[in-house]
Amino acid sequence: MNIFFRSNKGGFLKIIGILFIIILILIGIIVGFAYAFVSSKLSAMNYVETNENLITVNSGIEENLDEYRNIALFGLDTRDNSFNNSRSDSIIIVSINKKNNNVNLTSIYRDTYVDIEGHGLDKITHAYAYGGPELALSTINRNLDLNITEFVTVNFDTVKTVVDTLGGIKLQITDAEAKQIGLSSGGTYNLNGEQALAYARIRKIDSDYKRTERIRTVIDASFQKLKTKSISEILDFVDIVLPHISTNISTNQIIAMAPSIFSYKISDSSGWPYDIEGINLSAWYGVPVTLKSNVVKLHEELFDDDNYIPSETVQEISNKIVDKTGYSN
C-alpha cells in the first residue's frame with residue numbers, strides 16, 4: 001500500500017494549486033469587468049460540448065446528491081495543448097456543498113482498479129484516453145456512485161506556465177529540497193515554473209504531509225505574487241493561461257458562480273480509495289479493498305451520509321474486483 005500511495009499522490013498535489021489559482025483569477029475578472037469583456041476573455045478556453053446522454057449516472061444518485069455540486073478536475077500527462085487521447089495523470093473531485101459553500105477535494109489515485117465501460121477492469125487513468133471526458137466521468141460515476149457531468153482539464157505544463165507568467169515565485173528551500181530540484185544548497189530563491197513544479201512533486205525525502213504542505217506553499221506564493229500585478233498584467237496572465245484549460249462549463253455558468261465563489265471554504269482534502277492494496281497482474285494496480293466499503297466511506301466523508309447503501313452497480317463491480325484479485329475485507 002505504501003509504495004502505491006507514495007508513487008501516485010504527486011499528481012494530485014501538483015494540480016490543485018493550478019486549478020484554484022485559475023478559478024480565483026477568473027472570478028476576480030468577472031467581478032471587476034463587464035459581461036461582454038469577460039465573455040471575450042473566457043472564450044480563450046477550450047470549450048467542449050459534451051453529450052450528457054453518454055455520461056452514466058447510477059440510478060437514484062442524482063436525488064441523493066442534489067445538495068452538492070460535483071466537478072471533476074483532470075490533469076493530463078501531455079506536454080502540449082492537446083486534450084485528446086491522453087491518460088488523466090491526476091483526477092480530483094471538487095464537491096461543493098450548496099448550503100454552506102464548503103468545498104472538499106478528493107483525489108482518485110490514477111492506478112485505482114475499476115470497471116471502465118467497454119474495457120473491463122483497468123486503471124482509472126485510462127478512461128480519459130479511451131473515451132475522453134464523457135467516459136472518464138462515467139467511470140467515476142459508476143464506480144463511486146457520483147453524479148458528475150462537469151469537468152475542467154489542464155495539461156502537464158500548466159503549473160510551469162502559471163509560475164513563469166507570474167515571473168517566478170519566491171520560496172525558502174531547505175538543503176534536502178534543493179538537491180531534489182537541481183539547486184546546490186538551501187536558501188531563498190525565486191523559482192521558475194520548472195523548479196516550482198519539481199518542488200511541488202518532491203516525493204523521496206520526507207512524508208506525504210510535507211508534500212501537501214509544499215503545494216500549499218506554492219499556492220500561497222502564487223496568490224501573493226498575483227496581488228502585486230497591475231490590471232493589465234493580470235489580463236495578460238489570463239490570456240496566457242486560459243488556452244491551457246479545457247472545460248464543458250459554459251461562460252454563463254462560470255459567471256453565475258461569481259456571487260458565491262468568495263464564500264467558498266476548502267474544508268478538507270484527501271485521497272481515494274482509503275483502503276487499498278497493490279497487485280501485479282499484467283501491470284501494477286491499486287485495488288480498493290473493497291470498492292463497496294470505500295464508496296460507503298466516501299459518501300460518509302463527503303456527503304455526511306452515515307447510512308449509505310451503495311447502488312447495485314457498485315456492488316456488482318465490487319464483487320467483480322474481489323473475484324479477480326481475491327482481495328476482500
Side-chain angles (χ1 to χ4, degrees), residues 9-29 41-42 44-46 73-83 86 88-90 92 94 105 107 152-206 210-247 266 269:
K9 195 175 179 184
F12 163 57
L13 298 178
K14 77 181 181 185
I15 211 71
I16 292 178
I18 306 165
L19 295 167
F20 277 88
I21 287 170
I22 290 169
I23 289 172
L24 289 179
I25 289 167
L26 292 178
I27 297 307
I29 294 171
K41 287 293 180 184
L42 295 180
M45 290 191 299
N46 297 277
L73 310 182
F74 299 108
L76 303 188
D77 61 351
T78 176
R79 291 180 177 270
D80 55 30
N81 279 337
S82 171
F83 297 99
S86 296
S88 49
D89 182 64
S90 299
I92 302 172
V94 178
L105 306 175
S107 167
V152 176
T153 298
V154 298
N155 61 33
F156 184 80
D157 276 347
T158 305
V159 66
K160 294 191 293 184
T161 300
V162 167
V163 174
D164 284 337
T165 305
L166 289 171
I169 54 174
K170 186 175 289 187
L171 297 180
Q172 178 70 38
I173 306 296
T174 67
D175 287 338
E177 290 167 342
K179 292 178 182 178
Q180 295 295 311
I181 63 175
L183 298 174
S184 58
S185 62
T188 300
Y189 294 90
N190 190 64
L191 300 186
N192 62 28
E194 188 79 42
Q195 292 167 327
L197 176 59
Y199 173 82
R201 299 180 70 202
I202 292 173
R203 60 182 63 184
K204 295 181 179 179
I205 63 174
D206 42 40
K210 285 296 294 182
R211 272 187 283 169
T212 302
E213 186 177 288
R214 287 188 192 98
I215 194 62
R216 288 173 181 164
T217 299
V218 171
I219 295 169
D220 183 62
S222 298
F223 282 141
Q224 296 306 318
K225 188 66 174 285
L226 187 62
K227 290 177 183 178
T228 69
K229 302 296 182 181
S230 67
I231 293 297
S232 63
E233 287 174 322
I234 292 174
L235 295 179
D236 289 342
F237 176 89
V238 170
D239 287 337
I240 293 171
V241 171
L242 289 187
H244 292 264
I245 303 173
S246 176
T247 184
I266 300 177
S269 61

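Keep in mind it's a predicted model, so treat the numbers as computed, not measured.
Considering every non-hydrogen atom in both I173 and A178, the closest pair reads CG2-N, 3.4 Å. Looking at every heavy atom in both residues, I181 comes nearest to Y199 through CG2-N, 3.5 Å. Nearest heavy atoms, K225 versus L166: NZ-O, 3.0 Å. Minimum interatomic distance between T161 and T165 (heavy atoms only, all atoms of both residues): O-OG1, 2.6 Å.
In this structure, I202 CD1 and E177 CD are separated by 5.0 Å, a value rounded to the nearest 0.5 Å.
Within a 6.0 Å radius of NZ in K179, other residues, nucleotides and ligands contribute 12 heavy atoms or fewer.
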Could you list the donor-acceptor pairs under 3.5 angstrom formed by side chains in residues 183-191, with sequence neighbours left out?
residue : atom : partner : partner atom : Å
T188    : OG1  : Q172    : OE1          : 2.5
Y189    : OH   : S185    : O            : 2.6
N190    : ND2  : G167    : O            : 3.1

For this session: Please test I245 against N46 for side-chain contact (heavy atoms from CB on, under 4.5 Å), starting from the C-alpha separation and ending with a verdict.
Result: CA-CA 6 Å; I245 303 173; N46 297 277; 5.8 Å; no
